[in-house]
J.: 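Have a look at the structure that comes next, please.
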Amino acid sequence: MQGKDTGEPDRTVTAHGLLLDAEHAFLRAEFRLVRPLLQRFQNEFGTSSDTDDTSMRHAVLRAALAARAGNWPEAARWCPDRDDLGWADTDIVHSLAVSALRRLSEEGRHAEASTAALAIVLWAHLLDEEDLSDFHGLLSERRDTPVPEELWEEARHHLHGRIADLLHALDVRAGRDALAAWRTAWEAECDGIDPVVIPSAADPDSLIPLGLAAGHLVRHGRRIDLLDAYTARHPDTTAWTVDAPDHRACADALAQALAGRGQDRVRAGEWTSALSDFSTAARLGRTLGAKEEQAVLRAAANVGRTNTGRGNSPVTRIQGLDLAHALLPQDTSLGAELTAELVRQGRRVFKSDPAQSRRRFARALEVTPGDPDARSGLDDHLRADLDRGDKLRVDDVQGLLERDPECVPARKWLGDHYAELAMAATPAPDDTRSTLERRVELLSLAVDIADPARNSRVREQLDTAVLLLAEYLEVTVSPSDVIDLFLRDLLRTGVSARFDQTVESAYLNRARERERAGDPGGARRDRACAERIGAGLPAQGLLFGPSPGPHARGRGRDDTGQEALF
């Protein structure tokens with residue numbers, strides 16, 4: 001790239017030459033010459049060129065001029081990324097870097113984030129272990145003698161520490177935590193992560209992405225600093241999950257830090273806190289390793305217990321075992337120990353705190369489905385509720401009766417419950433039949449569950465309901481429906497004359513229908529049944545074989561022996 005020099009005949013100028021002149025003028029402190037040279041470069045070649053070195057050298061010079069004028073936001077805006085600084089003149093980079101540190105050292109500059117970002121990027125470039133900027137060579141040239149390698153390394157580390165101390169002091173003065181600290185950004189940049197960015201107007205304090213800062217702290221053994229800073233920002237640790245948008249960026253680093261602190265706490269005998277750390281780490285997506293699993297098992301064996309046995313905390317032990325079981329569900333011993341502890345504490349507070357006792361037994365059944373001790377504990381609570389007349393759920397009482405068929409209070413409660421439901425049912429205008437059927441079904445259940453000898457009132461209610469249903473069927477549907485109701489053995493012949501007459505009429509009516517349909521054999525059988533019912537025989541079993549009794553309800557007709565007749 002070149003152009004015509006208007007000052008001298010036949011002299012040409014190049015972009016490289018103009019920049020070189022401007023750099024030399026800047027280093028000689030001839031600043032009145034630098035700006036015209038840069039302006040001429042811009043006029044003739046533009047602010048960007050087709051070669052990387054000229055554009056980067058131009059940008060660093062513009063940044064250095066802005067810094068000298070005290071316009072540090074402008075200086076930060078012009079400064080190239082660290083990857084591009086290798087094209088710039090090392091002397092100019094060093095001059096700008098020194099100026100940035102001096103600026104930060106001035107009183108009241110502890111919050112000037114753009115200047116801090118500029119200083120961090122420039123000094124990380126100059127002090128790079130691979131010496132990409134040849135800062136070592138620059139110092140040797142200025143000393144007019146080579147700097148010995150051992151002295152160079154010592155000096156480089158010393159300067160690195162001085163910069164870190166300055167940034168840390170500014171962090172303390174501004175109250176920045178480890179995640180937002182300029183020192184963290186400095187260390188991460190020197191690690192070669194290149195995370196530092198010039199702050200934007202929308203986020204003026206951010207020099208490094210949060211996830212990169214968290215990862216850096218973990219890698220450098222500063223997990224406590226990370227956890228302290230993150231907890232201060234997000235006190236509700238129960239919300240720390242890998243799927244939560246607010247925590248996703250730091251999830252992996254947090255999980256590593258928590259798992260490490262969990263192992264430290266196990267070694268210190270802080271069992272509950274250790275299990276809490278491992279649990280939170282798991283929610284953040286960490287799969288525990290073998291050593292971490294052993295730490296969980298050790299904490300589970302000791303949580304809630306003391307060496308002497310005095311001061312043991314059953315509640316703490318249950319909570320700890322619950323966390324351990326969730327972390328290692330495949331470990332059957334943890335599930336068994338948690339179940340046993342839940343049952344023990346459920347029994348312990350059975351009378352003093354029934355609600356807690358129930359929760360303990362219910363949780364034990366969740367951990368170990370079908371555990372007999374836990375099931376027995378809940379059944380004992382049901383029996384106590386029945387004795388007190390407390391409000392209960394039908395399914396619970398039915399389950400108790402299935403497990404203990406001889407439980408008289410359960411039988412009585414269910415019988416009364418079904419009878420009350422039956423009597424509360426009122427026929428609907430558009431479906432009177434379904435309501436009558438439902439009432440018969442409920443009363444039949446009540447009679448079937450309760451001892452008929454001690455429940456004559458319900459038996460009478462059932463007889464009445466069956467009669468009402470039979471009369472309804474006689475008027476509205478076919479004779480076969482009445483006969484089917486009779487064959488369900490809900491109300492025997494000889495108990496209600498009206499019911500017997502209804503059934504007898506149904507058989508006679510069906511006999512006539514069968515005759516008209518050309519079924520004389522069926523008609524004869526129906527008339528025979530009607531005749532026997534009309535004769536008023538006291539026991540239905542004499543007609544149709546031994547009566548199966550009310551407990552046979554729901555079995556097929558063939559079991560009654562009556563299908564052979566009908």
J.: Could you tell me whether Asp171 and Arg183 make a salt bridge, using a distance below 4.0 angstrom between a side-chain N and a carboxylate O?
T.: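 No.
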
J.: Ignoring hydrogens and geometry, is there a side-chain-to-backbone donor-acceptor pair from Arg283 to Thr237 under 3.5 Å?
T.: yes

J.: Within the 4.5 Å heavy-atom criterion, are Arg510 and Ser480 side-chain neighbours or not?
T.: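 Side chain of Arg510 against side chain of Ser480, heavy atoms only: contact under 4.5 Å found.
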
J.: A side-chain contact here means heavy atoms from C-beta on lying under 4.5 Å apart; do Val458 and Tyr418 qualify?
T.: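 SC-SC contact between Val458 and Tyr418 ruled out.
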
J.: Which residue pairs pass the salt bridge (charged side-chain N to carboxylate O under 4.0 Å, His left out) test with at least one member in residues 417-426, sequence neighbours excluded?
T.: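 Sorted pair list comes back empty.
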
J.: With Trp413, which residues qualify under ring pair (Phe, Tyr, Trp, His ring centres under 6.0 Å), at least two apart?
T.: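 Applying ring pair (Phe, Tyr, Trp, His ring centres under 6.0 Å) to Trp413 gives His417.
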
J.: Mark yes or no for whether Asp448, through its side chain, and Ser444, through its backbone, hold a donor-acceptor pair below 3.5 Å.
T.: no

J.: By side-chain contact (heavy atoms from CB on, under 4.5 Å), which residues pair with Thr306, not counting sequence neighbours?
T.: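 Here the qualifying residues are Thr308, Asn312.
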
J.: Run the side-chain contact (heavy atoms from CB on, under 4.5 Å) check on Leu288 and Val296 step by step: do they pass?
T.: CA-CA 9 Å; Leu288 301 185; Val296 169; 3.8 Å; yes

J.: Between the side chains of Arg527 and Glu531, is the shortest nitrogen-to-carboxylate-oxygen separation below 4.0 Å, so that they form an ion pair?
T.: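 Arg527 and Glu531: not salt-bridged.
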
J.: Regarding Ser376 and Asp379, is there a side-chain donor-to-acceptor distance under 3.5 Å anywhere?
T.: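 Asp379 and Ser376 do not have a side-chain donor-acceptor pair below 3.5 Å.
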
J.: What pairs of residues pass the salt bridge (charged side-chain N to carboxylate O under 4.0 Å, His left out) test when at least one of them lies in residues 303-330, not counting sequence neighbours?
T.: Arg305-Glu337, Arg317-Glu337, Asp322-Arg363

J.: According to side-chain contact (heavy atoms from CB on, under 4.5 Å), who are the partners of Ala232, at least two apart in sequence or on a separate chain?
T.: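 In terms of side-chain contact (heavy atoms from CB on, under 4.5 Å), with neighbours along the sequence ignored, Ala232 is linked to no residue.
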
J.: Would you mind listing every ring-ring contact (aromatic ring centres under 6.0 Å, His included) that reaches into residues 304-360, with sequence neighbours excluded?
T.: Phe350-His381

J.: Listed by chain and number, what are the side-chain contact (heavy atoms from CB on, under 4.5 Å) partners of Leu323, not counting sequence neighbours?
T.: Leu275, Ser279

J.: Considering residues at least two apart in sequence or located in another chain, which fulfil the side chain to side chain donor-acceptor pair (under 3.5 Å) criterion with Arg222?
T.: Glu187, Asp225

J.: Assess the residue pair Arg488 and Asp484 against the criterion (salt bridge (Lys or Arg N to Asp or Glu O under 4.0 Å)); give the C-alpha distance rounded to whole Å, side-chain angles, the decisive distance to 0.1 Å, and a yes or no.
T.: CA-CA 7 Å; Arg488 286 161 62 184; Asp484 287 342; over 6 Å; no

J.: Can you find a pair of side-chain heavy atoms, one from Val349 and one from Gln345, that are under 4.5 Å apart?
T.: no

J.: Go through the structure and list residues passing side chain to side chain donor-acceptor pair (under 3.5 Å) with Arg359, not counting sequence neighbours.
T.: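 With neighbours one apart ignored, the set is empty.
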
J.: Decide, yes or no, whether a salt bridge links Asp371 with Arg375 under the criterion of side-chain N to carboxylate O below 4.0 Å.
T.: no

J.: With sequence neighbours left out, which residue pairs that include part of residues 247-262 fulfil the side-chain hydrogen bond (donor to acceptor under 3.5 Å, both in side chains) condition?
T.: Tyr230-His247, Asp252-Gln256, Arg261-Asp277

J.: Residues in side chain to side chain donor-acceptor pair (under 3.5 Å) with Glu293, at least two apart?
T.: none

J.: Side chain to side chain donor-acceptor pair (under 3.5 Å) with Thr464: which residues, sequence neighbours excluded?
T.: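 Applying side chain to side chain donor-acceptor pair (under 3.5 Å) to Thr464 gives none.
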
